[in-house]
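Have a look at the structure below, then the notes.
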Amino acid sequence: MTHIADAIRNQHISGDGTFSKLCHAFLENELGVPKVLLTTSCTHALEMAALLLDVEAGDEVIVPSFTFVSTVNAYVLRGARPVFIDCRRDTLNLDETKLEALITPRTKAITPVHYAGVGCEMDAILAIARRHNVAVVEDNAHGLFGKYKGRFLGSFGSLATQSFHETKNITCGEGGALLINDPRFIDRAEVLREKGTNRSRFFRGQVDKYSWVDIGSSYVMSDMLAAFLYGQLERWPHIQAKRRRIWESYNRHLTGWAEEQNVRLPIIPSECEQSYHMFYLLLPSFEARQALIAFLKERGIQAVFHYLPLHLSDMGRRFGGRPDDCPVTQDISDRLLRLPFYSSLDESTQNRVIEAIQQFRP
Ligand SMILES: Cc1ncc(COP(=O)(O)O)c(C=O)c1O
């Protein structure tokens, strides 16, 4: 709260004030990323990535079917055609073994999504992208402070995006960030984010007036939200530790029940340090998943499913999505259930959830 009061006292509550600069520097130092720019959302950071890559009509972009619409919409808004890739059975991340077969001379970008903050197989993805000269944009909406082979998620692609939406580990209600690992994109990113003007250079005293130099939009986060966000970032190890305890408690208490009931718990590969964003169950069938939702609801517990396969949505079908394209995505989407998971979830409430689940027989 004191940060927000300070932002107001500073009389600078529009973008790129004191707290935005603090957040930028904090994230750059902490993650080891050359440039971070706060945005109004992860959706907008993805849109900026599509603009920076000059994605245009006729281009193709490889995206998971098992993701949030924004991962795909950002490119579709530029006229590109999404090519949907299926996911792995273990992490539910895009299946890198299917990647190379989907690349064509029109492929402009690949967007791995680190589902639940567990890293995609980045070595293989980057090697394939390099071989075909295709950009990689990590959608790291779930994975802030998660790691793959000791390196922070979001530091692998030329560009990466974060979400600070209320549902994320670190939040300011609505917000996001563009992480720029390829320095060639930095200058233009500043312009696109400031309505296509060189306003950022003007404020740094590098030009004597600012003017319209490129296309762009209004992607800058208010400093009041940045003040809220900075308070969260300062406490990230504490927030992450709380979430880790919640995740580990679910895992410990549900392992025996899951084995008996043929339910699968999340799999974290040894090379990944997850961000503790989510805990999910994979029930044996769609019917069992629906029955557990109803069973928990009767006990006052809300548990929810997650993404519906995008290749089978109305829009996905318009782009040629067919039922057999991503069979693993279809299967797991039907069976996945997310358990209540938020930083302030206290032990007794969580125990009530665990005890209810342990009584359920699929
Ligand atoms: C994988 C993924 N990408 C992007 C987004 C969009 O984030 P935002 O709400 O910050 O635009 C979400 C939202 O939950 C998401 O899950």
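Order of listing sets the numbers, starting from 1, for every ligand and every atom in it.
Neither side chain, Ser65 nor Tyr307, offers a donor N or O lying under 3.5 Å from an acceptor on the other. Side chain to side chain, Glu121 and Tyr148 meet the donor-acceptor criterion of an N or O pair below 3.5 Å.
The cationic atom of Arg204 (NZ for Lys, CZ for Arg) does not lie both less than 6.0 Å from the six-membered ring centre of Phe202 and within 45° of the ring axis. Remark: Arg151 qualifies as a cation-pi partner of Phe156 under the 6.0 Å distance and 45° angle criteria applied to the six-membered ring.
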Contacts table for ligand 1: protein N or O within a distance under 3.5 Å of ligand N or O, distances only.
{"from": "ligand 1", "atom 1": "3 (N)", "to": "Asp139", "atom 2": "OD1", "distance (Å)": "3.2"}
{"from": "ligand 1", "atom 1": "3 (N)", "to": "Asp139", "atom 2": "OD2", "distance (Å)": "2.7"}
{"from": "ligand 1", "atom 1": "10 (O)", "to": "Cys42", "atom 2": "N", "distance (Å)": "2.9"}
{"from": "ligand 1", "atom 1": "10 (O)", "to": "Ser163", "atom 2": "OG", "distance (Å)": "2.7"}
{"from": "ligand 1", "atom 1": "11 (O)", "to": "Cys42", "atom 2": "N", "distance (Å)": "3.4"}
{"from": "ligand 1", "atom 1": "11 (O)", "to": "Thr43", "atom 2": "N", "distance (Å)": "2.9"}
{"from": "ligand 1", "atom 1": "11 (O)", "to": "Thr43", "atom 2": "OG1", "distance (Å)": "2.5"}
{"from": "ligand 1", "atom 1": "14 (O)", "to": "Lys168", "atom 2": "NZ", "distance (Å)": "2.7"}
{"from": "ligand 1", "atom 1": "16 (O)", "to": "His142", "atom 2": "NE2", "distance (Å)": "3.0"}
{"from": "ligand 1", "atom 1": "16 (O)", "to": "Tyr307", "atom 2": "OH", "distance (Å)": "2.8"}

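No path of Ile, Leu, Val, Met, Phe, Trp and Tyr side chains, each step under 4.5 Å between heavy atoms, connects Leu225 with Leu178, placing them in separate hydrophobic clusters.
Using the six-membered ring where Trp is involved, Phe66 and Tyr115 have ring planes that are tilted, between 30° and 60° apart.
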